[in-house]
Amino acid sequence: MSRDHLPSTEHSADSAEAPFLELLARGASADAYEQPVLLARAEGRPPERIAALEQAKLLALRVRSEIEGRRRREAELSALFETAHDLAGLRDLDAVLQAIVQRARSLLGTDVAYLSLNDAARGDTYMRVTEGSVAARFQQLRLGMGEGLGGLVAQTARPYVTDDYFKDERFQHTQAIDSGVRDEGLVAILGVPLMIGPQVIGVLFAADRRARVFEREQIALLGSFAALAAAAIDTANWLTETRSALDRLGRANEIIRDRSGVIERASDVHDRLAELVLRGGGVHDVAAAVSEVLDGTVEFTEPGDAPSAALEASRAEGHAVRHGGDWVAAVAAGGELLGALVLRGHPGLDPVDQRTLERAAMVTSLLLLARRSASEAEQRVRGELLDDLLDARDRDPRLLRERAARVHADLDGPHVVLAARIEVTAADADQEAAARRRLWSAASHLATTRHGLAAARDGGTVLLLPLGPGDTATALARRTAKELGSAVPEGVTVGASAPVGQLAARPDTVVAAYAEGQRCLEALRLLGRAGDGAAAEDFGFLGLLLAGDRDISGFVERTIGRVVAYDERRGTDLLRTLDAYFACGMSPARTKDDLHVHVNTVAQRLERVGRLLGDDWQSPARALEIQLALRLHRLSSAAPH
């Protein structure tokens, strides 16, 4: 008996599946899967054969549907990643919004997609971007709040969909809107809100010129694009809410797989990377997660630490490339090379696992760009807050405290205002500007790590840094000059104010403290101490001229305070002896006549002064400060209380 007539179940199943496997391999349409069954019936095949073909057809159609679904999700993921890439490198808001609308229209397969924004000044909403529109009146629509389907979306902050716009009575129809929609020929419309926090700022639409039912997945996808559009608008307006865009991007990360085992690994990668993005993981967390999924060692390396030839090839081709027993996937954004993911000791990499490594490199670049955007946004916020403290003295203290709390700063604690300037003789204006940018970058980083504020001002940088327990303005100024000087090649001179506090309640204090810091900075440069840091207290009696509050009692205390205290405790006349000694030209013989005491008494008193003030108290510089302190003490003691 021949093999064709053997009643083998396994053989029958194999031959039944074969035509459908061929259809799957060549990506045939769904209609083509009926042909093997129809052919078998036409040939008069046994009922068991036809039943086996029917069962194989259903299984093949399920596999085809799964493959098509995963291809569709991969296309959606790629579009979302590309949109996020545009957002991370935002230069032109209109270009980013246009790309969002184009991709939304393409993925949902609609005739038209468009985006409207609210105009708070005019109290209405207007069409900002359209794709696929042909009617001029539709493209120029302005409509009042609460009108049309878009008004319903804006009022409820929820998506709305209509299968037939003109027959739908759930929203308010107006002549202007209906005329524009009629000119465009739209029938089915889906609208989702553009949200910044709890506020609706506009609506993203997808529409067809025929009746259509939008599926739940399509509504969710348009919602993701709407979130990206809102984040782009938010970023362009110098706000700091960039996190939401990245969170939304982390929701879709599955890569199509052609085998069940590979599909499970792809799903694992999706879950791990999405979790990492949502909980704020870093690039090394991504590398660790992919290492576990690919059963290898994946490392993130800086551009200079990766094999240069393989890295350049990966960036040029857009794919991971093999380098010996390793695989290298470039982490890049636009024309900028940010690093690489390197899979060690895994030469026999499966093609789909190669795609996994490439997707991980894309997620890594998004994380790096997002963190850079967040850091730049935080630096802008710190600079704007300090500018407001320096320029707008009538700010609400409560609002100032809330803004400071967002960047982990406490305006009520003791702070020091520091004026910093880079010491560079640039050959041209571009080099000088570059040096100032380096100083600003270093100062911003220092302010971030110290929970302070920094802003570019007057050709240099001004910092507001908290003063820790036991710290002094002098020590803080010197540390700041050293740290900034080590971060940039050029030396940095830093002048500091005296400690100030309660800045939210008294913002004008910051202005006076900044002026004091500038005076100290200029004094350092005039005294040839460029590249150093100092406060007014470091300049002796000159500090009285530099300090903004003229701290006379502090100067007297620092200069002769120990002598004053000694006289008060012991009832001695050291101060009167010092006065007479300087008045008599620093002559002990003439001093004893003026005081009517023995010369040995004068000598003993001056010896005691030396022990209290130090051996160098008669040096010209110290003597001048002591005489000034004696006179100020005498004047303050004589003043009425």
Lys/Arg N to Asp/Glu carboxylate O, Asp412 vs Arg401, below 4.0 Å = yes
task = Decide whether Thr130 and Gln139 meet the rule of one side-chain donor and one side-chain acceptor closer than 3.5 Å.
result = no
Indicate the atoms forming the closest heavy-atom contact of [X] with [Y], along with that distance.
| X | Y | answer |
| --- | --- | --- |
| Thr110 | Asp208 | CA-OD1, 3.2 Å |
| Ile50 | Ala40 | CG1-CB, 4.2 Å |
| Thr461 | Ala443 | CG2-CB, 3.5 Å |
| Pro159 | Ile219 | CB-CG2, 4.0 Å |
| Pro193 | Ala226 | O-CB, 3.6 Å |
| Arg212 | Asp163 | O-OD1, 3.1 Å |

Reported [atom1]-to-[atom2] distance for the pair [X] and [Y], which is rounded to 0.5 angstrom:
| X | Y | atom1 | atom2 | answer |
| --- | --- | --- | --- | --- |
| Asn118 | Arg128 | CG | CZ | 12.5 Å |
| Leu411 | Leu453 | CG | CG | 6.5 Å |
| Thr162 | Asp164 | OG1 | CG | 6.5 Å |
| Leu194 | Ile100 | CG | CD1 | 9.0 Å |
| Glu215 | Leu221 | CD | CG | 11.5 Å |
| Leu190 | Gln218 | CG | CD | 8.5 Å |

Side-chain donor or acceptor of [X] paired with backbone N/O of [Y] under 3.5 Å:
| X | Y | answer |
| --- | --- | --- |
| Asp234 | Ile196 | no |
| Ser116 | Tyr126 | no |
| Asp168 | Arg170 | yes |
| Ser106 | Gln102 | no |

message = Can you tell me which residue among Leu115, Leu204, Val101 is in a side-chain contact (heavy atoms from CB on, under 4.5 Å) with Phe225?
response = Leu204
Could you tell me which residues satisfy side chain to side chain donor-acceptor pair (under 3.5 Å) with [X], sequence neighbours excluded, listed by chain and number?
| X | result |
| --- | --- |
| Asp111 | none |
| Arg158 | none |
| Tyr160 | none |

Excluding sequence neighbours, so at least two apart, what forms salt bridge (charged side-chain N to carboxylate O under 4.0 Å, His left out) with [X]?
| X | answer |
| --- | --- |
| Glu131 | Arg105 |
| Asp410 | none |
| Arg142 | Asp119, Asp124 |
| Arg122 | none |

task = Report the residues that fulfil ring-ring contact (aromatic ring centres under 6.0 Å, His included) with His173, sequence neighbours left out, ordered by chain and then residue number.
result = Tyr165, Phe171
Can you tell if the side chain of [X] reaches within under 4.5 Å of the side chain of [Y], non-hydrogen atoms only?
| X | Y | answer |
| --- | --- | --- |
| Ile189 | Val112 | no |
| Glu147 | Ile177 | yes |
| Val342 | Val298 | no |
| Val192 | Val153 | no |

remark   = residues 188-206 vs side chain to side chain donor-acceptor pair (under 3.5 Å), sequence neighbours excluded, gives none
Sequence neighbours excluded, every pair satisfying ring-ring contact (aromatic ring centres under 6.0 Å, His included) that has a member inside residues 187-224 = Tyr114-Phe205
task = Mind running salt bridge (Lys or Arg N to Asp or Glu O under 4.0 Å) on Glu184 and Arg209 for me, showing each step along the way?
result = CA-CA 8 Å; Glu184 194 62 58; Arg209 297 187 175 95; 2.6 Å; yes
task = Decide side-chain contact (heavy atoms from CB on, under 4.5 Å) for Arg210 and Val187; before the verdict, give the C-alpha distance in whole Å, the side-chain angles of both, and the deciding distance to 0.1 Å.
result = CA-CA 5 Å; Arg210 64 188 185 282; Val187 176; 5.6 Å; no
query = Can you pull the salt bridge (charged side-chain N to carboxylate O under 4.0 Å, His left out) pairs that have at least one residue in residues 172-182, sequence neighbours excluded?
reply = none
task = Could I get the full list of side-chain contact (heavy atoms from CB on, under 4.5 Å) partners for Ala176, not counting sequence neighbours?
result = Thr174
ask   = Does Gln172 CD have over 12 foreign heavy atoms under 6.0 Å away?
value = yes
